[in-house]
Structures are given as C-alpha cells and as structure tokens.
Amino acid sequence: MSQTGSNGGGASGSGQIISRVDRRERRIIVHMAGQDGSRLTFTIPRKLKLSVLFHNYCRRKQFDYRTARFFHEGLRVLGRYSFRSVDGQFPTTLEGPFKPVTVPVNYSIVGKVTSLPVDKNPLLRPTVEFQPEQISLSLSSNSSSVWVSWITGEFQIGDNVEPLDPQSVASVVQYGVYESGRNNQATGTSLVYSQQYPNEGLENYTSGIIHHVLVTGLEPDTMYEYQCGDPNKTMSGVHYFRTMPSPPEDYPSRIAVVGGLGLTYNTSTTISHMVANHPDLALLVGDLSFANLYRTDGELFDCQNCSSPQTPLQETFQPRWDHWGRFMQILTATVPTMVIEGEHEIEKQADNQTFTAYSSRFAFPCDESGSTLYYSFDAGGIHFVMLADQYKWLEQDLSDVNRSVTPWLIAAWSPPWYSTYKEHYREAECMRVEMEELLYTHGVDIVFNGQVSAYERSNRVYNYTLDPCGPVYFTVGSGGNENNLTLEHSDEPGNCPVPCNTTDGFMGGFCGFNFTSGPAAGNFCWSEQPEYSAYREGSFGYGILEVKNQTHALWIWYRNQDLYSTGADVIYIVRQPDRCPQLN
C-alpha cells in the first residue's frame, strides 16, 4: 500500500489518497479509495497496454485519476492514481494576488549544457529504406479529425542534389478503434523543402519526404491505433492515440506545456518526465530544435561572442530538425502536439523566406487563419489561440468563440509580456500594447509563453496592474535549451536593460518606454520583484494543466531535478464568469 499526493506553491498538506496494486499470476488487481469514501476494485490483464474500461469508468464516476499505462508488455505499472477534488487542498487564484516569490538558484543544476549524441538511438535514422520516422500527431480544426505526419527518405546536403520525389512514396494511414483492427485507411499529401543559405561556402539542405495525412470520422474520447507509411514499401510500427473529449462538459485530462526544448540531456529529462505523466495534449510554445544555433557543419555557433554578420539567423544546421523529430517521437507519435513558432524558428533563407522548416514539418489547423504562424483550435471545452502579431485575425477568432461550448479560453505565443527576467525583458511590448486589451475584453483565462529560459507565474494582471479579471501568465521556456538557464532578473541592481536595446527582433518594432504610473513610474524596470510576478524560478522543467470543470483548472509546474510526480508550483486557476463578463 502506498500513499500519493503532492505539495507545492506554498500549499500545506496533501491529498489523503490511497491506492494499491497487487500482482497475482496473469492479472493486476487495483484497489483504490477516494476522499469521499468511494472505492474501486479493478482487475486488469497484465498484457493490456492501456485499460480503456478503467479510463471510461473513472470518467463516468467523475474521478480525477492518473491514467494507468503499461509498458514492457505490462510487467510494470507506471504512474499513480489520485482523486483530487476542488476542496482547497491547493491554493487558488481567488486567494491572490500572492506576494512575489523568487526561488533561490540551485547552482547544482546550472552548468555546461550538453547536447545528446546524434550517433546513438533514438537520434539515428531507421535502417529500413523509407521506414517512417519523426512521426507526430496534431489536432485539426475539426474535432473529429487528427493529422498524422512523418518523414521518409534521407535528407541531402549540397548544392547539386536531386530532391527526392514526393510521389515516389505513398502517404497512407491505416487506423481503427483500439483492439478492433486497423480497417480504415486515409491518404494525404507529401512535400520536400530546401534551406538555401545566403552566404557563399555554405552547404544547402534538402529534406526527406514529409507526409501529412488527415484522419477523419473519429469519435470523441476514443482510443485509436494506427500505422503510417506506404503499404507497398514499409509501414511504421503500431502507435496509439486518444481523441479529444466532447465539449463543453469534458476536457483533456492533462495538457503538457513547455517551450525552449532543444536537444540536450536536459531535454531528455523533461520529455521523459512529461511522458511519465501521460498527457492527452501537448503545447510547445516556441524554440523547438534550436537548429539556428548551429553552423552548417554541425558545430555550435556561440552567438554571444560573434561579431560577424553571419549570425545564426543566416546559417542553420537543418539536420538538427531531423535529430529532434526522431527524439520527440516518443511523445509526438501518441500525444497530439501543437506548436507555435519562436525566434529560433525564423531561419532566414537566401530569398528572405522564413519559418520554412517549421511550416513544412508540422501540420496545422490553419484553414481559417490561412497561416501556420497563427491559428486556433478546440480541445473539449477549451478554445486555444496560438498567436503571432495578427490583430484582425485575432479579433475575428475571439468574436467567434462560444463560451457556452468552450468555457475556457487559452492563448499561447513565444515572447512573454510579463516576464521579469533580464533576458528578453519587455521586448514584446509592441505586441502587448496592440493586443492586450483585446485579450482582456474577451476574457482570456490563461496565457502560455516561452522564449525566456526560466519559469514564472504571474498574478492576474492587465496593463501591469493587478486585476482579478486579467489572465494568469505562465512563462515556461526552460524545457531543455541549448544555452543555459536564465538567472538574472531585471529588477536586480545593474540588470535593467537599456530601453533602446529591447527592440523586438521577432515581432518587430520598439515600444519600450518608461512606466508612467505605479511603483516603477519614471523607470524602465522595477526596483524589486514586481507585484504582478507571483512566482519565479530558474529551473528546467515543464507544466501540466488539468482542467477540472468550467471554472477550475489545476496547474502544476514540474522541475527536472524532482521526481515526475512532485510539483514545485501548484495552483488552481479559477474562472469567475459572473464577476468578469466577456464580450462573447
């Protein structure tokens, strides 16, 4: 018998939750007791990878649980079960605003960042010709459809190469309800892209064949199995995914959020912990492969010391994307993963094209926006807006949201508005000035950002002022990174950036003027941790959002130095639609 629970964010106490797993012969018997006295005894065959029956039982009983996943042919049970209720065991935003907290730096985790070796699995290419690799899932604009993407064939380096013919390999997904056979088939499109560099002496890159297939006619909240590839050549192994639940009463059980991943040993820890927590959906808020920090010969380009005009924005190591895609497949082949671009995805080409690798490698629900750089989608009772600097599109998208269908409204983009770290401090001020009022009047509940290699949670804020109806902002840009953690804060002596140096190289423009009111009036930075900053910490990690109902969502920040079941910052985000009316 073991007890499970978690502490964090100043919370005292933990859930009084008991779960027990007995292993007897060829079955697993799970005994569980909830806080309300309810009990469950459940028998699972040991070879079953995922108990769909248990999953559905918990949904019917409205249990909040940690899904049981069985790996290594069912010989080990991973994960813990928890029955968390909205009963005050964790702090809520209703108790805020909170006094600012800065967690002291743990220097044992700060050191040289080491990249994963590209000559070892899982970064190696498949040995079978045209074996599907870099498999990923993403949601579409239709809740009954899911995109499946993958790559076949080898990339090529050089000027005089013959690109692979996308028509030479079929784009096929065979799929069906879990354990009912893969009797359905969907076909899609394929493409090849090139990265042409502006400077002489640099070897250009041509990708393998990138496939995108839209699988349609799916039932909500249902487990599916699938294979992808060309049936006449070779197919992938069998993978699984669960579709999103139906709005407005149901929500994805766990939504993983992270930015600044890269391909380092820190990345490996982040992703392994994330996978162990079994998310139903993943959001990657910019700065994915960091290919632009590497020269075309694969050597790391230390931009901090470079004075040459040949910056990483003009020279990239595109094979880094392939290495990254292979590594990420442990997550992306089973968990729908939605991405938004960051500054490291710009990757300017000779003809001034940008974001080519990003736009080519992923499938997006961009039918309405017409762009891979900004789009929206629904996941159960949540409407997500993935943003760039596009005011007119955002205005129309928010106006179309029906809060009776999707009560929760969450926005995500890369550069943060409310980060208090020195790195990228107020660089996205023009974007904030243009768009913040629009997000506020439409009642956006939560904002996720990346770019800064640290973690920070805000109090509810609007226009740098504490506001009970403002969104809660999370900066989660320390998933792994290729540089290191950001540790310096703008409010510390000598750390305030010069305003003219805070131009937005990503979105463009300069709006970094001194504050005209409040505690920082007349200055560009605060002299202490701002009151809108509730919690900040320089650690690698990621977050999990668990939306419980129409008004409560549990946020847990997980640090890499902790066990995957231990949260460092835990808080309930509570919506108040009666107090904070929205336009829609």
Side-chain angles (χ1 to χ4, degrees), residues 4 6 8 50 65-71 76-80 82 109 116 122-123 134-139 239-242 244 251-290 324-340 342 362 379 384 410 412 448-450 453-455 457 474-482 485 537 539-547 553-570:
T4 63
S6 60
L50 177 68
Y65 62 95
R66 293 194 184 277
T67 304
R69 299 274 175 105
F70 301 89
F71 294 90
R76 287 199 306 137
V77 178
L78 298 181
R80 296 179 178 179
S82 63
I109 64 172
L116 293 172
L123 275 60
Q134 306 177 49
I135 302 170
S136 64
L137 303 171
S138 57
L139 301 181
H239 298 281
Y240 307 87
F241 69 90
R242 177 171 291 280
M244 295 296 105
Y251 305 89
S253 297
R254 285 182 181 78
I255 303 168
V257 188
V258 71
L261 277 170
L263 195 56
T264 68
Y265 283 99
N266 295 313
T267 313
S268 180
T269 302
T270 298
I271 296 301
S272 64
H273 284 193
M274 183 187 295
V275 169
N277 266 317
H278 312 305
D280 299 300
L281 177 67
L283 304 182
L284 308 185
V285 288
D287 300 337
L288 306 175
S289 74
F290 287 84
W324 187 84
R326 292 170 195 148
F327 172 80
M328 291 293 293
Q329 183 173 303
I330 189 176
L331 173 75
T332 60
T334 56
V335 178
T337 302
M338 311 305 292
V339 300
I340 192 68
F362 303 101
F384 289 92
I410 297 176
F448 292 119
N449 301 127
S453 303
Y455 169 71
R457 167 174 56 87
F474 294 94
T475 299
V476 286
S478 56
N481 205 271
E482 296 283 343
L485 291 170
E537 178 177 4
S539 292
F540 292 107
Y542 68 98
I544 293 285
L545 182 71
E546 302 179 8
V547 178
L554 180 66
W555 168 259
I556 308 176
W557 164 251
Y558 291 99
R559 305 182 304 185
N560 283 6
Q561 62 264 38
D562 301 325
L563 297 175
Y564 71 85
S565 59
T566 302
D569 181 37
V570 186

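Of all heavy-atom pairs spanning D280 and P252, the tightest one is OD2-C, 3.9 Å. When all heavy atoms are compared, the tightest approach of T270 to G541 is CG2-O, 4.1 Å. Between L263 and E482, the shortest heavy-atom distance links the atoms N-OE2, 2.7 Å. Nearest heavy atom pair, residue Q134 against residue R326, reads CG-N, 3.6 Å. A pairwise comparison of heavy atoms in G262 and T267 identifies O-CG2, 3.3 Å as the closest pair. Here the shortest heavy-atom pairing between Y558 and T566 reads CD2-O, 3.2 Å.
Atom CD in Q329 sits 8.5 Å away from atom OG in S136 (nearest 0.5 Å). Here the CD1 atom belonging to I544 is positioned 11.0 Å from the CH2 atom belonging to W557, to the nearest 0.5 angstrom. Distance check: L545 CG to I556 CD1 gives 9.5 Å after rounding to the nearest 0.5 Å. To the nearest 0.5 angstrom, L281 atom CG is 7.5 Å from T337 atom OG1. Taking CG from N449 and CD1 from I340, the interatomic distance works out to 11.0 Å, rounded to the nearest 0.5 Å. If you take CD1 on I135 and CG on L331, they are separated by 13.0 Å, rounding to the nearest 0.5 Å.
Partners of S138 under the side chain to side chain contact (heavy atoms under 4.5 Å, CB included) rule, at least two apart in sequence or in another chain, are W147, M338, A363. Residues satisfying the side chain to side chain contact (heavy atoms under 4.5 Å, CB included) test with H273, not counting sequence neighbours, are T269, Y542, Y564. Every residue two or more places apart in sequence or in another chain that forms a side chain to side chain contact (heavy atoms under 4.5 Å, CB included) with S268 is listed here: L116, F327.
The closest side-chain heavy-atom distance from M274 to V335 is not below 4.5 Å. W324 is listed as a side-chain neighbour of L261, based on a closest heavy-atom distance under 4.5 Å. Within the 4.5 Å cutoff, no side-chain heavy atoms of L284 are placed close to those of F362. Residues I255 and F384 have side chains in contact (heavy-atom distance under 4.5 Å, counting atoms from C-beta outward). Using a 4.5 Å cut-off on side-chain heavy atoms (C-beta onward), L137 and H239 make no contact. At a threshold of 4.5 Å between non-hydrogen side-chain atoms, the residues R457 and D569 count as touching. Proximity of N481 to T264: side-chain heavy atoms (C-beta onward) are nowhere separated by under 4.5 Å. Residues V570 and W555 have side chains not in contact (no heavy-atom distance under 4.5 Å, counting atoms from C-beta outward).
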Test side-chain contact (heavy atoms from CB on, under 4.5 Å) on L283 and F448; report intermediate values, then the result.
CA-CA 9 Å; L283 304 182; F448 292 119; 4.2 Å; yes

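Surrounding CD1 of I330 are at most 12 heavy atoms belonging to other residues, nucleotides or ligands under 6.0 Å away.
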